[in-house]
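None of these values were measured; they are calculated from a predicted model.
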Amino acid sequence: MTDCGNIAEFLQNPDEIILAKFPRLLSEYDSTEIIELLSILENPEQFRNRLPLRLKLYAIIAEFAPDSALKLLALIRLLRRMGSRKDMPELGEVPPRLPDFADYMAIRAHELFLNSPIADAVSALADSTRAFRSGDLREMSRASNSGINALYEIESWSNPPSDLNIIDFVVSETGHELYFIAINAALRSGDPSGAKVLAESWSNAINRWERVLGVLDRQRYQYYRIVGHINHVVGLLDAGVDAYNHALEHAPTIYTKAFLWMGLARIERELGRYDDCWKHAVDAIRAWQNSPYPQAAAPWIEWLAIDADSMEKRAEIENLRETQAKSGGVEINRVVKAMTELYRLIASLRTSDDPVEIAPHLDRLIVEMEKAGSFPNLVTILATRAVVYGRLEDREKMDESIGRAREIISEKLAPDARPPVEFFVESAHALALRDVGEYDEAFHALFERALE
């Protein structure tokens with residue numbers, strides 16, 4: 001025990017006292033106290049209103065900790081909090097911007113552990129997280145799977161020891177984050193079957209580590225959240241709801257619950273539970289707007305605006321937009337930015353805006369989705385383009401859009417991802433055919449192709 005008393009009490013001091021004494025304390029804490037410190041630093045209640053302080057403490061650990069593994073663990077925990085957040089403090093020698101931080105972290109991993117599998121896995125985590133935040137699905141997949149391959153060269157990943165050292169925490173947290181990103185990459189690029197295989201492997205890993213660490217709430221939250229998304233994509237809506245509800249049991253904060261509420265809202269819209277959908281979506285949007293990452297709310301405001309079918313709901317949407325405009329969040333993910341614009345365009349189609357103005361925007365979004373490798377979203381945009389050109393009575397471009405969407409489904413999406421997307425595309429095709437006056441073809445597209 002140091003002369004500053006126990007760790008929890010020490011962290012109740014004002015920020016300036018904590019920051020002044022913390023570097024010295026790091027060298028005085030024994031291994032038991034370090035483990036306790038690492039646990040307290042992840043306690044959301046301890047830092048509920050002091051999030052920048054936690055970032056600064058991890059930056060101090062990364063710079064001044066006497067143990068290399070502890071430095072690396074601090075960088076890993078900083079990484080998952082990096083991004084375009086509005087409360088980013090000064091972090092000493094640690095770069096505060098994610099692209100620079102990812103480069104810094106990869107370099108430090110190899111400096112601290114040379115050319116070892118641990119350094120390779122941590123470096124891959126840095127690269128895949130940067131790709132995750134920017135929306136580059138191809139790089140997400142490449143880097144995360146490279147990191148997972150490196151993991152299996154580390155004995156403790158497959159066989160966690162009962163007597164844990166800090167390096168074992170590094171391996172555990174690196175592995176779980178890599179799996180979450182790899183599964184997201186597979187799912188978002190149109191391969192839910194591949195995502196499911198990865199999820200099963202990850203579930204086995206979580207079980208192994210829980211035998212020595214106890215319940216891993218963060219990993220359980222992430223796992224059930226991604227399983228909910230997988231089930232939704234393949235049309236297992238009730239199973240998706242169950243998974244999201246399981247995730248809610250492990251979600252540590254309102255911010256993390258927001259992702260689950262939005263997942264539920266998306267399913268509830270498809271099930272026709274519009275009141276539940278509206279409530280969950282509004283709760284999620286407001287939670288994001290009150291977080292360090294308010295930009296997360298932007299696409300979902302426009303997604304929800306499509307359902308604003310009353311004066312009260314339209315007023316609530318305007319209120320959410322006004323709050324968003326004042327939030328100060330900056331979106332860096334190009335897929336999210338593209339989908340935010342798409343939702344606005346879909347809403348404008350419903351209010352009979354001139355489709356001539358919409359078509360060029362869709363062409364630009366198509367290019368963005370192709371670059372990112374976001375094939376399910378690309379299909380959505382192509383289907384919307386078909387409807388727009390149906391409104392414009394341009395049969396050639398309408399057919400071109402539907403043909404390209406079918407091609408993407410056939411070539412880029414896994415078989416189990418295709419049925420819901422095919423239904424969406426053929427329904428859009430029917431709508432477009434109706435607008436160009438081809439009623440028999442529209443009937444065929446809807447009642448034969450879409451429903452088969």
Looking at [Y] and [X], is any side-chain nitrogen of the basic one under 4.0 Å from a carboxylate oxygen of the acidic one?
X: Glu210; Y: Arg220; result: yes
X: Lys279; Y: Asp275; result: no
X: Glu400; Y: Lys397; result: no
X: Glu426; Y: Arg406; result: yes
X: Arg130; Y: Asp103; result: yes
X: Lys412; Y: Glu370; result: no
X: Glu316; Y: Lys313; result: no
X: Arg97; Y: Asp100; result: yes

When rounded to the nearest 0.5 angstrom, what is the spacing between [atom1] in [X] and [atom2] in [Y]?
X: Ile118; Y: Ser156; atom1: CD1; atom2: OG; answer: 6.5 Å
X: Tyr104; Y: Glu111; atom1: OH; atom2: CD; answer: 8.0 Å
X: Arg85; Y: Tyr293; atom1: CZ; atom2: OH; answer: 4.0 Å
X: Asp307; Y: Arg314; atom1: CG; atom2: CZ; answer: 12.5 Å
X: Ile61; Y: Leu72; atom1: CD1; atom2: CG; answer: 12.5 Å
X: Leu91; Y: Leu57; atom1: CG; atom2: CG; answer: 10.5 Å

Measure across [X] and [Y] and return the closest heavy-atom pair with its distance rounded to 0.1 Å.
X: Thr380; Y: Phe424; result: CA-CE2, 3.9 Å
X: Arg108; Y: Ala62; result: NH2-O, 4.3 Å
X: Pro376; Y: Arg188; result: CD-O, 3.1 Å
X: Ser141; Y: Asn145; result: O-ND2, 2.8 Å
X: Ile76; Y: Leu125; result: CG2-CD2, 4.2 Å
X: Val379; Y: Ala405; result: CG2-O, 4.1 Å

Donor-acceptor pair between [X] and [Y] side chains, under 3.5 angstrom:
X: Tyr179; Y: Ser201; value: yes
X: Tyr58; Y: Arg54; value: no
X: Gln222; Y: His250; value: no
X: His361; Y: Glu341; value: yes
X: Gln295; Y: Trp288; value: no

Just say parallel, tilted or perpendicular for the rings of His176 and Trp209, cut-offs at 30° and 60°.
perpendicular
Does the plane of the ring in His232 sit parallel, tilted or perpendicular to the ring in His229? Use 30° and 60° as the thresholds.
tilted
[X] side chain to [Y] backbone, donor-acceptor under 3.5 Å:
X: Ser144; Y: Met140; result: yes
X: Thr174; Y: Val171; result: no
X: Ser128; Y: Ala124; result: yes
X: Arg50; Y: Gln46; result: no
X: Arg133; Y: Met82; result: yes
X: Ser116; Y: Phe113; result: yes
X: Ser189; Y: Ala186; result: yes
X: Asp127; Y: Ala102; result: no
X: Ser327; Y: Gln324; result: yes
X: Arg269; Y: Tyr274; result: no

With sequence neighbours excluded, residues passing side-chain hydrogen bond (donor to acceptor under 3.5 Å, both in side chains) with Asp168
none
Heavy-atom count around Glu396 CD within 6.0 Å, excluding the residue itself: above 12?
no
I'd like to know whether NZ of Lys196 has more than 12 heavy-atom contacts from other residues, nucleotides or ligands below 6.0 angstrom.
no
May I ask you to establish whether Arg225 and Phe259 are in a cation-pi arrangement, using a distance under 6.0 Å from NZ or CZ to the six-membered ring centre and at most 45° from the ring axis?
yes
cation_pi(Arg286, Trp261) dist<6.0 Å, angle<=45:
no
Quick one: do Tyr221 and Leu248 satisfy side-chain contact (heavy atoms from CB on, under 4.5 Å)? Show the steps, please.
CA-CA 7 Å; Tyr221 155 74; Leu248 281 168; over 6 Å; no
Restricting to pairs with a member in residues 171-181, which pass salt bridge (charged side-chain N to carboxylate O under 4.0 Å, His left out), not counting sequence neighbours?
Arg77-Glu173, Arg80-Glu173, Arg80-Glu177, Glu177-Arg218
With sequence neighbours excluded, residues passing ring-ring contact (aromatic ring centres under 6.0 Å, His included) with Phe101
none
Among all residues two or more places apart in sequence or in another chain, which pass the ring-ring contact (aromatic ring centres under 6.0 Å, His included) test with Tyr224?
His246
Sequence-distant partners of Asp363, side-chain contact (heavy atoms from CB on, under 4.5 Å), two or more places apart:
Ile366, Arg385, Tyr389
Residues that Asp416 engages under side-chain contact (heavy atoms from CB on, under 4.5 Å), provided they are two or more places apart
Pro192, Ser193, Val234, Ala414
Apply side-chain contact (heavy atoms from CB on, under 4.5 Å) to residues Ile166 and Leu38 and explain how you reach the verdict.
CA-CA 10 Å; Ile166 300 299; Leu38 291 172; 3.7 Å; yes
